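Just so it is clear, the model here is predicted, and its values are computed rather than measured. Numbered from 1 within each chain, the chains take letters A, B, ... in sequence-line order.
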Amino acid sequence: MTELNFFEKVYEVVRLIPEGRVTTYGAIARFIGSPQSARMVGWALNSTKQLPEWIPAHRVVNRNGLLTGKLHFQNNNTMREMLESEGIDTLNDKILNFNNILWDPNQELNLD
DNA sequence: TTAGTGACTGTAG
DNA sequence: GCTACAGCCACTA
């Protein structure tokens, strides 16, 4: 896992996100080692649409818990519906109890 | 090869 | 509290 690209690392982390939990672009970027490349994380997720493998991109939101990526899904409510189907409550495209269900790879996957 | 762009974030005023 | 700006890396034209 040292040969992985930035994109591939993003996919690896996103795939590890447990159901009913969410994480942020910044958390993923920080976990990879480029905290200021959070934009690339989002852009990498944009490419997941053309990947053969399923990536739970809907579990990745911005640091405010806002579903900023929903516009890139099939429908504007696809992301919200998938989150709600996993037990995640949203309001106006914003995740409720965001701090409670936040899954931070830096803590959950602490690789010392 | 260069320039533009993007699902973001942190800092400063 | 909100707004504005810079930084970061990979891909496309």
| note | Testing C:dC9, B:dA7, B:dC8 for proximity to the side chain of A:Ser34, the answer is C:dC9

| query | So, the side chain of A:Asn62 versus the backbone of A:Asn64: is there a donor-acceptor pair under 3.5 Å, distance only? | reply | yes

| Regarding A:Asn77 and A:Asn75, is there a side-chain donor-to-acceptor distance under 3.5 Å anywhere? | no

| Quick one: are A:Val61 and A:Phe98 in side-chain contact, heavy atoms under 4.5 Å? | yes

| Want to settle it: does A:Pro35 or A:Phe6 sit nearer the 5' end of DNA chain C, counting the closest nucleotide to each? | A:Pro35

| query | Considering only side-chain heavy atoms of A:Gln36, which listed nucleotide, B:dC8, C:dG7, C:dA10, is closest? | reply | C:dG7

| query | Could you give the CZ-to-P distance, from A:Arg39 to C:dT12, as a whole number of Å? | reply | 17 Å

| What heavy-atom pair brings A:Leu83 and A:Arg59 nearest, and what distance separates the two atoms? | CD2-CA, 4.3 Å

| remark: Rounded to whole Å, the CG-P distance (A:Asn5 to C:dA10) equals 8 Å

| task | Figure out the CZ/P separation between A:Phe7 and C:dC8, and round it to whole Å. | result | 18 Å

| message | Can you give me the closest heavy-atom contact between A:Ser47 and A:Tyr11, atom names plus distance? | response | CB-OH, 3.6 Å

| field | For DNA chain C, the residues among residues 17-28 of chain A that have a non-hydrogen atom under 4.0 Å from it | value | none

| request: Would you confirm whether A:Asp104, through its side chain, and A:Asn106, through its main-chain N or O, come within 3.5 Å as a donor-acceptor pair? | output: yes

| Given C:dC8, B:dT9, C:dA10, the nucleotide with the shortest approach to the side chain of A:Ser37 | C:dC8

| request: Could you state the atom-to-atom distance from CH2 of A:Trp43 to P of B:dT9 in whole Å? | output: 18 Å

| request: State, with a plain yes or no, whether a side-chain heavy atom of A:Ile17 is found less than 4.5 Å away from one of A:Val22. | output: no

| query | Can you tell me if A:Thr48 uses its side chain to pair, donor with acceptor, with the backbone of A:Leu51 under 3.5 Å? | reply | no

| query | When you measure from the side chain of A:Thr48, which nucleotide among C:dC9, B:dA7, C:dC11 comes out closest? | reply | B:dA7

| note | Per nearest nucleotide of DNA chain C, the residue lying toward the 5' end, A:Met40 or A:Gln50, is A:Met40

| request: Measure the distance from CD on A:Glu8 to P on C:dC9 and round it to the nearest whole Å. | output: 18 Å

| query | Between atom CZ in A:Phe31 and atom P in B:dT9, what is the gap in whole Å? | reply | 17 Å

| query | Of all of residues 51-89 of chain A, which get a heavy atom below 4.0 angstrom from DNA chain C, listed by number? | reply | none

| field | Closest-nucleotide 5' rank along DNA chain B - winner of A:Arg30 and A:Ser47 | value | A:Ser47

| Distance, rounded to the nearest Å, where A:Lys49 contributes NZ and C:dC11 contributes P | 16 Å

| field | Test salt bridge (Lys or Arg N to Asp or Glu O under 4.0 Å) applied to A:Arg63 - qualifying residues, sequence neighbours left out | value | none

